[in-house]
K.L.:
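Handing you this structure, nothing more for now.
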Amino acid sequence: MNTKTFSLSVRDDITLRFIRPDEAEALYKLVDDNRAYLREWLNWVDEQTGPEASKENILERIEKAKTMEVFDLGIYLEGKLIGSIGFNPISLKHRQAEIGYWISGEYQKQGTMTDCVRALTSFGFKELALHRIEICCSTRNAKSSAIPEKLGFTFEGILREAFYLYDHFEDSSVYGILAHEWK
């Protein structure tokens with residue numbers, strides 16, 4: 001996988017591609033500007049302490065993409081970084097992956113993330129020959145749950161206290177879809 005040239009078109013104004021190390025400041029600013037709402041759902045936000053931490057994160061993503069452990073991409077609206085989406089983790093052996101995503105608050109409720117999840121799911125089934133893709137999110141996160149529901153993923157259940165979020169455990173809703181179910 002060439003992390004320097006890979007690009008996935010979502011629609012005319014939206015592209016998914018690997019975030020470059022020279023975009024560390026833009027990534028940090030995006031996370032920092034959305035820190036309050038992201039922190040409610042994601043356990044890595046406090047690790048983003050400045051552009052240098054973001055650069056380390058970007059470099060780690062790129063290295064793990066080379067071995068297909070993860071496949072994390074930036075979401076770009078007309079060239080501007082507005083969020084992130086990816087398969088994290090990915091298991092080529094078992095032909096399955098989990099999609100994770102977040103987007104700047106100002107771009108929510110516009111269908112952008114739904115379109116990005118649709119594009120990444122199609123890519124996973126067609127190009128990576130995945131058999132199963134799942135999305136897990138807090139049972140309290142209605143916005144995040146709405147995306148797999150809109151796209152025809154099956155609600156498979158709740159994992160009780162599945163992840164630790166700063167000072168408490170969160171229950172996680174699990175949604176899955178199989179390659180032969182994807183339209």
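Hydrogens, waters and symmetry mates play no part in the numbers below; they use all other heavy atoms, side chains included.
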K.L.:
Hey, what do you get for OG (Ser173) to CD1 (Ile158), rounding to the nearest 0.5 Å?
P.N.:
5.0 Å
K.L.:
If hydrophobic clusters are built from ILVMFWY residues whose side chains come within less than 4.5 Å, do Phe6 and Met68 share one?
P.N.:
yes
K.L.:
Is atom CD of Glu25 surrounded by more than 12 heavy atoms (other residues, nucleotides or ligands) closer than 6.0 Å?
P.N.:
no
K.L.:
Measure across Gly83 and Leu30 and return the closest heavy-atom pair with its distance rounded to 0.1 Å.
P.N.:
N-CD2, 3.5 Å
K.L.:
Nearest 0.5 Å, please: how far is CD1 in Ile135 from CD in Glu149?
P.N.:
10.0 Å
K.L.:
What about the rings of Phe87 and Phe123, do their centers lie closer together than 6.0 Å?
P.N.:
no
K.L.:
Is there side-chain contact between Trp41 and Leu165, with at least one heavy-atom pair below 4.5 Å?
P.N.:
no
K.L.:
Taking all non-hydrogen atoms of both residues into account, name the closest pair between Leu130 and Ala97 and its distance.
P.N.:
CD1-CB, 3.8 Å
K.L.:
Might you work through the side chain to side chain contact (heavy atoms under 4.5 Å, CB included) test for Ile75 and Thr15, ending with a clear yes or no?
P.N.:
CA-CA 6 Å; Ile75 301 169; Thr15 303; over 6 Å; no
K.L.:
For the residue pair Gln110 and Glu106, what are the closest heavy atoms and their distance?
P.N.:
NE2-O, 3.1 Å
K.L.:
Answer yes or no: is there a donor N or O on one side and an acceptor on the other, between the side chain of Asp171 and the main chain of Thr139, under 3.5 Å?
P.N.:
no
K.L.:
Same cluster for Val70 and Leu8 if Ile/Leu/Val/Met/Phe/Trp/Tyr side chains link at under 4.5 Å?
P.N.:
no
K.L.:
Could you walk me through whether Trp182 and Thr121 pass the side chain to side chain donor-acceptor pair (under 3.5 Å) check?
P.N.:
CA-CA 8 Å; Trp182 185 248; Thr121 300; over 6 Å; no
K.L.:
Roughly how far, to the nearest 0.5 Å, is the CD1 atom of Ile19 from the OG1 atom of Thr3?
P.N.:
12.0 Å
K.L.:
How about Ile177 and Thr154: do any of their side-chain heavy atoms sit closer than 4.5 Å?
P.N.:
no
K.L.:
What is the ring orientation for Phe71 with Phe18, classed by angle as parallel under 30°, tilted 30 to 60°, or perpendicular over 60°?
P.N.:
perpendicular
K.L.:
Determine whether the side chains of Tyr28 and Glu23 contain a donor N or O and an acceptor N or O closer than 3.5 Å.
P.N.:
no
K.L.:
Please confirm whether the backbone N or O of Ile147 pairs with a side-chain atom of Tyr175, one donor and one acceptor, at under 3.5 Å?
P.N.:
no
K.L.:
If you group Ile, Leu, Val, Met, Phe, Trp and Tyr by side-chain heavy-atom gaps below 4.5 Å, do Tyr101 and Trp44 land in one group?
P.N.:
yes
K.L.:
Look up atom CD in Gln108 and atom CD1 in Ile103, then write down how far apart they are to the nearest 0.5 Å.
P.N.:
7.5 Å
K.L.:
Report yes or no: do Leu81 and Tyr37 belong to one cluster of Ile/Leu/Val/Met/Phe/Trp/Tyr joined by side chain heavy-atom distances under 4.5 Å?
P.N.:
yes
K.L.:
Quick one: which of Glu156, Glu98, Glu181 gives a salt bridge (charged side-chain N to carboxylate O under 4.0 Å, His left out) with Arg132?
P.N.:
Glu156
K.L.:
Which heavy atom in Cys116 sits nearest to a heavy atom in Ile14, and how many Å separate them?
P.N.:
SG-CG2, 3.8 Å
K.L.:
Do Val31 and Gln48 come close enough that some side-chain heavy atom pair is under 4.5 Å?
P.N.:
yes
K.L.:
Do the non-hydrogen side-chain atoms of Thr112 and Leu77 ever get within less than 4.5 Å of each other?
P.N.:
no
K.L.:
Listed by chain and number, what are the salt bridge (charged side-chain N to carboxylate O under 4.0 Å, His left out) partners of Asp12, not counting sequence neighbours?
P.N.:
none
K.L.:
If you apply the rule side chain to side chain contact (heavy atoms under 4.5 Å, CB included), what do you find for His94 with His131, and how did you get there?
P.N.:
CA-CA 8 Å; His94 297 290; His131 173 70; over 6 Å; no
K.L.:
Please identify each residue that fulfils side chain to side chain contact (heavy atoms under 4.5 Å, CB included) with Asn2, with sequence neighbours left out.
P.N.:
Lys4, Thr5
K.L.:
Between Ala162 and Ser172, which heavy-atom pair has the shortest distance, and what is it?
P.N.:
CB-CB, 3.7 Å
K.L.:
Taking C-beta and beyond as the side chain, do Phe163 and Ser138 meet within less than 4.5 Å on heavy atoms?
P.N.:
yes
K.L.:
I need the Lys150 NZ to Asp115 CG distance, nearest 0.5 Å.
P.N.:
9.5 Å
K.L.:
Sort and list the pairs that fulfil side-chain hydrogen bond (donor to acceptor under 3.5 Å, both in side chains) and have at least one residue in residues 55-66, not counting sequence neighbours.
P.N.:
Asn57-Arg61, Glu60-Lys64, Arg61-Ser84, Glu63-Lys66
K.L.:
For Lys29, which residues count as a salt bridge (charged side-chain N to carboxylate O under 4.0 Å, His left out) partner, sequence neighbours excluded?
P.N.:
Asp33
K.L.:
Hey, does the side chain of Arg35 reach the backbone of Val45 with a donor-acceptor pair shorter than 3.5 angstrom?
P.N.:
yes
K.L.:
Provide the closest heavy-atom pair for Ala24 versus Ile58 in the form atom of the first, atom of the second, distance.
P.N.:
CA-CD1, 3.7 Å
K.L.:
Do Phe155 and Ser145 come close enough that some side-chain heavy atom pair is under 4.5 Å?
P.N.:
no
K.L.:
Are Tyr76 and Leu16 close enough that some pair of their side-chain heavy atoms sits under 4.5 Å apart?
P.N.:
no
K.L.:
Does Phe153 reach the side chain of Ile133, with side-chain heavy atoms less than 4.5 Å apart?
P.N.:
yes
K.L.:
About how many Å separate CE of Met113 and OH of Tyr107, when rounded to the nearest 0.5 Å?
P.N.:
12.5 Å
K.L.:
Do Leu73 and Trp102 sit in the same hydrophobic cluster, where Ile, Leu, Val, Met, Phe, Trp and Tyr count as joined when their side-chain heavy atoms come under 4.5 Å apart?
P.N.:
yes
K.L.:
With sequence neighbours left out, what residues match Glu47 under salt bridge (charged side-chain N to carboxylate O under 4.0 Å, His left out)?
P.N.:
none
K.L.:
Would Glu134 and Ile99 count as a side chain to side chain contact (heavy atoms under 4.5 Å, CB included) here? Give the steps.
P.N.:
CA-CA 6 Å; Glu134 64 183 44; Ile99 296 178; over 6 Å; no
K.L.:
By side-chain hydrogen bond (donor to acceptor under 3.5 Å, both in side chains), which residues pair with His168, not counting sequence neighbours?
P.N.:
Glu170
K.L.:
Hey, can you tell me if Phe169 and Tyr164 have their rings parallel, tilted or perpendicular (30° and 60° cut-offs)?
P.N.:
perpendicular
K.L.:
Less than 3.5 Å apart, any donor N or O on the side chain of Tyr166 or Glu40 sitting next to an acceptor on the other?
P.N.:
no
K.L.:
Where the side chain of Arg118 meets the backbone of Leu151, is there a donor-acceptor pair that is under 3.5 Å apart?
P.N.:
no
